[in-house]
Amino acid sequence: MADGVAYSVCPHDCPSVCAVEVDRDEDGRVRRIHGARSHGYTAGVVCAKVARYAERIHHPDRLTRPLRRVGAKGEGRFEPIGWDDALDAVAEALASTAVRHGAEAVWPYFYAGTMGLVQRDGIDRLRHVMGYSRQKSTICTTLCDSGWLAGVGAFWGTDSREMADSDLIVAWGSNVVGTQVNVMTHVTRARRSRGAKLVVIDPCRNTSAEVADIHLMVRPGTDGALACAVMHVLFREGFADRAYLAAYADGAEALEAHVAERTPAWAAAITGLDEATIIDFARLYGRTKRSYIRVGYGFSRSRNGAVNVHAVSCLPAVTGAWRHRGGGALYSARSVYQLDRTLIHGLDAVDRRTRRLDMSRIGPVLAGDRRDLGEGPPVHALFIQNTNPATVAPEAGLVRCSLAREDLFVCVHEQFMTDTARFADIVLPATMFLEHDDLYQSGGHTHLQWGPKVMEPYAESRSNHDALCALAQRLGAKHPGFAMSVRAIVDATLLASGLPGLAVLEQVRWYDCAPDFATAHFLGGFGTPDGRFHFRPDWSRVGPDHAGLPALPDYHPTVERADDEHPFRLITPPARQFLNSTFSETPTSRQREGRPSAAIHPDDATALGFAEGTRVRLGNRRGSVVVPARLEPGQPRGVVVVEGIWPATDFEEGLPVNILVGADAGPPNGGAVFHDSAVWIRAA
Ligand SMILES: Nc1nc2c(c(=O)[nH]1)N[C@H]1C(S)=C(S)[C@@H](COP(=O)(O)OP(=O)(O)OC[C@H]3O[C@@H](n4cnc5c(=O)[nH]c(N)nc54)[C@H](O)[C@@H]3O)O[C@H]1N2
Ligand SMILES: Nc1nc2c(c(=O)[nH]1)N[C@H]1C(S)=C(S)[C@@H](COP(=O)(O)OP(=O)(O)OC[C@H]3O[C@@H](n4cnc5c(=O)[nH]c(N)nc54)[C@H](O)[C@@H]3O)O[C@H]1N2
Ligand code: SF4
Ligand SMILES: [Mo]
């Protein structure tokens, strides 16, 4: 393969899905990764951790060979074996589990370690052909999806590049500087050319809040109250666009009467913001036609998250901001692609009667909770790709004891010896994105991109697709996708989707699938059945667990509330130098992040007798962790923040922060509640 610059796509689980240029040395080793300048959204920028990708792809601890467990489960002692022996052992374990307990006792478990469609979702093809348990993939987007679907009804919105034409950009519950840095490129353009304002709505004074013009430091889980009070002011002070409401929305009169009671004073008591701050923000939002809300995930990760997201999605419908260039909102653009995913996922082989297991509830599922298993068998075999549940899943304490069950077979296909891989019976080494082909879509922009293999696989690593095909052959799983290369699957998928094939995509690198202005702004109607924005959602269309959800946007007080025993609310946002649990192995990211800590308001710390660096124990009925305290004036009192999904091994007692997070499925359709835990704090 040629030296010099190679073109690809960042595969990590991030809305930006950057087009990248890989600078390699004469030996073909990665020197540095740059953002593609000619890509309208990437615009030459990638985050620092991916720029330093040499540290990850050439890391001395990368897995090189398949491994078989020789120590106790979770102990991390393995011996090398050959690929054939490893695949035989996995196939034998899956087949014998299916014979003894039924095919549903096998759970292929995956998420978005790579966002490449073939390498990420091909595991579904094996699942469906074999009749293994299906997966409800709730760990990230489901709560936000539910809230957005309730009112808007479709997954697209104002083009992210239109932020450059906005006068007011609101990053709502999203740490954009840390989690999707490219947003800032477009915010900066708007600031330079139009003097646009950036508002950040977040309990933490994080880097995004630092660079914002206005930071609204809400208490976690209270965004529904803030949104209602903003709407109160919008109606009261004449900022509601009544012509727009009449033409495009349903339930506006009921909403107006309802929010008349939701005053700024009412919201101030709930959110912790001043009444005047709420009114000022509402007026700024109301008088700015070109107002753009970038809807983040952070404020959805609570038990009332779907209600909060719906409440926020009502704002541009009240002001009619959708009508204006640079106005409206974006949560995710993922439905603009309209790809035919049959071949990738093996949708022609699905039996919809097969049970679906909720991935965020992997702890209760593996522990045999009947609410999850239904009438079906316990799970006796896991085949894991692209995710690290021992660290990242809720109720991680239960996940970890369950992964150690003697009657559970675990295979983990990974790039590193993660916390989860340590629990495996068989570990398989995986390629990284530059070592395999794939097709990428994005939530943060509208480009469908081709990311080719530009280097040979490291050591004995194999791609997810290759491992699945080899396993399918041993299991007798028949499907055309298992006999095709990734290139052939991508070509067939593009053609089946009515797009030019791979030969063309390869030349142009990306197709921009952006809808026209009127479609993007829902000027031909919203995605709901009647084409109107719904202030009064039919939650029963969104998910089964809808009983008790409020009829109109509201503060829905179902969070895990602080009480005398658990006086603090814990939030656990991602770290800038990590990508979920990834990059926690690279030296510079580790050095820049330091170590896990608990950010506490200085007044709370004083009341508890803590100083900077005091070792504290955070706990609740699910368990406890020990971390140093960090005094942080830029967050509300009564809130504690543990940033970064650090590996268990970085905590004093070897248990990750998610042991404190509940595995409750957020209504109405499930979803993990990472920012919704009540804890006590004591000196360790
Ligand atoms: N406390 C707390 N917990 C959280 C969150 C939070 O905010 N706070 N966020 C949650 C969210 S939103 C998410 S999405 C999850 C994500 O959590 P994870 O799913 O664990 O996310 P990643 O770290 O992106 O990727 C997981 C693994 O995929 C591997 N991988 C990458 N590419 C490939 C490949 O091509 N093949 C194979 N076989 N493996 C590959 C990586 O090495 C990595 O170990 O975490 C959730 N957990
Ligand atoms: N650097 C980096 N980038 C990432 C990731 C990463 O781990 N590191 N993870 C990737 C993944 S998988 C995802 S899903 C996205 C997530 O990216 P975001 O959309 O940014 O979502 P979160 O990171 O969950 O939370 C964002 C912010 O929400 C705040 N927050 C918590 N609770 C509330 C609340 O009740 N109300 C409000 N208003 N704010 C609240 C948190 O303090 C945090 O600053 O980022 C992706 N990008
Ligand atoms: S992690 Fe996100 S911001 Fe960083 S290069 Fe990848 S897609 Fe771009
Ligand atoms: Mo995520």
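For ligands, and for the atoms within them, numbers begin at 1 and follow the listed sequence. From a predicted model like this one, the values you see are computed outputs, not experimental measurements.
- The closest non-hydrogen atom to atom 13 (C) of ligand 1, taken over T391, I139, L63, comes from I139.
- At a 4.0 Å heavy-atom cut-off, ligand 2 touches A575 through the backbone alone.
- Atoms of ligand 2 found under 4.0 Å from any heavy atom of C140 (numbered from 1 in listed order, with element): 14 (S).
- Looking at atom 6 (C) of ligand 1, its nearest protein heavy atom turns out to be T572 O, 3.5 Å.
- Considering only non-hydrogen protein atoms, atom 3 (N) of ligand 1 sits nearest to N658 ND2, 3.1 Å.
- Heavy atoms of R120 come nearer than 4.0 angstrom to ligand 1 in no pair at all.
- Between R592 and E55 there is no salt bridge, since none of the side-chain N atoms of the basic residue sits less than 4.0 Å from a carboxylate O of the acidic one.
- Where the criterion is an N or O separation shorter than 3.5 Å, residue side chain and backbone included, Q385 fails it with respect to ligand 1.
- Protein heavy atom in closest approach to atom 42 (O) of ligand 2: D202 OD1, 2.7 Å.
- With sequence neighbours left out, the ring pair (Phe, Tyr, Trp, His ring centres under 6.0 Å) criterion links H12 to Y53, F583.
- Here R576 has backbone heavy atoms under 4.0 Å from ligand 2, and that is the only part of it that gets that close.
- Taking all heavy atoms of I123, I645, I384 into account, the minimum distance to atom 9 (N) of ligand 1 is reached by I645.
- Ligand 1 does not have H12 within reach: every non-hydrogen atom of the residue lies 4.0 Å or more from it.
- Scanning the protein heavy atoms around atom 35 (O) of ligand 2, the nearest turns out to be G221 N, 2.6 Å.
- The closest side-chain donor-acceptor pair between H556 and N304, if any, does not fall under 3.5 angstrom.
- Considering backbone and side-chain atoms alike, T582 places an N or O below 3.5 Å from some N or O of ligand 1.
- Note: no N/O pair closer than 3.5 Å links D13 and ligand 1 by distance alone.
- Of all the listed residues (Q577, H675, Q635, K49), H675 holds the heavy atom that lies closest to atom 31 (C) of ligand 2.
- Salt-bridge formation is not detected for the pair E210/R576: no Lys NZ or Arg NE/NH1/NH2 atom is positioned less than 4.0 Å from an Asp or Glu carboxylate oxygen.
- A heavy-atom separation below 4.0 Å is not found between R62 and ligand 1.
- Heavy atoms of other residues, nucleotides or ligands lying less than 6.0 angstrom from CZ of R637 number more than 12.
- At least one heavy atom of T431 sits closer than 4.0 Å to an atom of ligand 1.
- Partners of F110 by ring pair (Phe, Tyr, Trp, His ring centres under 6.0 Å), not counting sequence neighbours: none found.
- No N or O atom of A430 sits closer than 3.5 Å to an N or O atom of ligand 1.
- Note: an N/O pair closer than 3.5 Å links N388 and ligand 1 by distance alone.
- Per-residue contacts place G296 under 4.0 angstrom from the following atoms of ligand 2 (heavy atoms of the residue considered): 19 (O).
- By the 3.5 Å distance cut-off applied to N or O atoms, R301 is not counted among the residues near ligand 1.
- The shortest N/O to N/O separation between N464 and ligand 1 falls below 3.5 Å.
- At a 4.0 Å cut-off, not a single heavy atom of Q119 sits close enough to ligand 1 to count as contact.
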